[in-house]
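Remarks on the structure that follows.
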Amino acid sequence: MTNPEWLELAARRSKSEAWMLGHAFDKYRQLEGMSEEGLAKELGCSVETLNWMALCRRPEGDHFNEQVTAIAERHGVDDYLLLQVLGRLKVVEVFQASSADGSAQQGGMLMAAQDRERDDEPQT
């Protein structure tokens, strides 16, 4: 089966829509410093399959895991690998959002203070 001519263009356009999986893939690739080929290899699929998945709605909410599984099954990708990619991205996004409002800095200082207290405790 050949891919339609519009697939690559549509996948590129999906990068600009935050609700699309293509946007998530693009952010992940930027964070990890990898190419589309590298991400496809990490997910165990072809670039063409990656382009098809890019057109899907990004999983979110209470049914996140079920949505990931449905996308993975539809495109013949290991759901665990897709979940790892999206999970790592989600962690980074939460951290970036909390850093923007300063709460991560406070948490970091508290963790540093706890580490300092542990260092001061006698070794047994």
Side-chain angles (χ1 to χ4, degrees):
M1 179 173 156
T2 61
N3 290 306
E5 294 177 13
W6 53 264
L7 178 60
E8 191 175 328
L9 176 62
R12 264 193 310 233
R13 290 192 64 194
S14 72
K15 295 174 186 178
S16 64
E17 300 295 336
W19 58 272
M20 296 188 81
L21 201 47
H23 184 265
F25 287 160
D26 191 50
K27 286 182 74 174
Y28 180 81
R29 287 187 322 95
Q30 290 174 14
L31 287 169
E32 297 294 325
M34 68 173 47
S35 65
E36 286 183 351
E37 291 81 8
L39 178 55
K41 184 177 180 181
E42 186 169 329
L43 291 172
C45 67
S46 66
V47 172
E48 291 78 23
T49 299
L50 193 66
N51 286 339
W52 280 110
M53 287 193 298
L55 303 181
C56 295
R57 179 174 285 280
R58 184 177 179 174
E60 62 183 10
D62 294 338
H63 301 286
F64 180 84
N65 289 345
E66 292 89 354
Q67 293 168 1
V68 169
T69 299
I71 292 167
E73 286 177 359
R74 169 70 175 92
H75 297 285
V77 174
D78 185 321
D79 59 339
Y80 180 73
L81 296 175
L82 182 57
L83 189 60
Q84 280 188 312
V85 165
L86 296 176
R88 275 187 257 161
L89 179 61
K90 195 173 194 178
V91 167
V92 169
E93 289 174 339
V94 167
F95 180 75
Q96 288 174 339
S98 63
S99 292
D101 70 10
S103 61
Q105 291 175 349
Q106 268 187 329
M109 284 191 275
L110 289 174
M111 286 182 6
Q114 290 171 345
D115 288 346
R116 176 70 179 180
E117 290 173 7
R118 284 189 210 125
D119 289 344
D120 294 340
E121 293 176 6
Q123 299 289 323
T124 55

same_hphob_cluster(M53, M20) at 4.5 Å side-chain heavy-atom cutoff: no

Going by the rule side-chain hydrogen bond (donor to acceptor under 3.5 Å, both in side chains), which residues pair with E73 if we only count those two or more places apart in sequence or in a different chain? none

Rounded to the nearest 0.5 Å, how far does OG1 of T69 lie from CG of L82? 8.5 Å

For E93, the salt bridge (charged side-chain N to carboxylate O under 4.0 Å, His left out) test, sequence neighbours excluded, returns K27, R58

So how far is it from N51 CG to L21 CG, rounded to the nearest 0.5 Å? 11.5 Å

In a table with atom names and distances, give each donor-acceptor pair under 3.5 Å that connects a side chain of residues 35-45 to protein atoms at least two apart or in another chain.
from: S35; atom 1: OG; to: E37; atom 2: N; distance (Å): 3.4
from: S35; atom 1: OG; to: E37; atom 2: OE1; distance (Å): 3.4
from: S35; atom 1: OG; to: G38; atom 2: N; distance (Å): 3.0
from: E36; atom 1: OE2; to: K15; atom 2: NZ; distance (Å): 3.2
from: E42; atom 1: OE2; to: Y28; atom 2: OH; distance (Å): 2.6
from: E42; atom 1: OE2; to: R88; atom 2: NH2; distance (Å): 3.1

With sequence neighbours excluded, what pairs up with R12 under the salt bridge (charged side-chain N to carboxylate O under 4.0 Å, His left out) test? E8

In Å and rounded to the nearest 0.5 Å, what is the CG to CG distance from L86 to N65? 10.5 Å

Who pairs with E17 by side-chain hydrogen bond (donor to acceptor under 3.5 Å, both in side chains), at least two apart in sequence or on another chain? W19

Which atom of G22 lies closest to which atom of S14, heavy atoms considered: CA-OG, 3.3 Å

Is there a path from L81 to V85 through hydrophobic residues (I, L, V, M, F, W, Y) whose side chains come within less than 4.5 Å of each other? yes

Using the rule given for side-chain contact (heavy atoms from CB on, under 4.5 Å), can you reason through F64 versus L83, listing the C-alpha separation, both sets of side-chain angles and the distance that settles it, and then say yes or no? CA-CA 9 Å; F64 180 84; L83 189 60; 3.4 Å; yes

Holding to side-chain contact (heavy atoms from CB on, under 4.5 Å), I want the full list of residues that pass it with W6, two or more places apart in sequence or in another chain. P4, A10, W52, L55

For C56 and H75 the tightest heavy-atom approach is SG-NE2, 3.6 Å

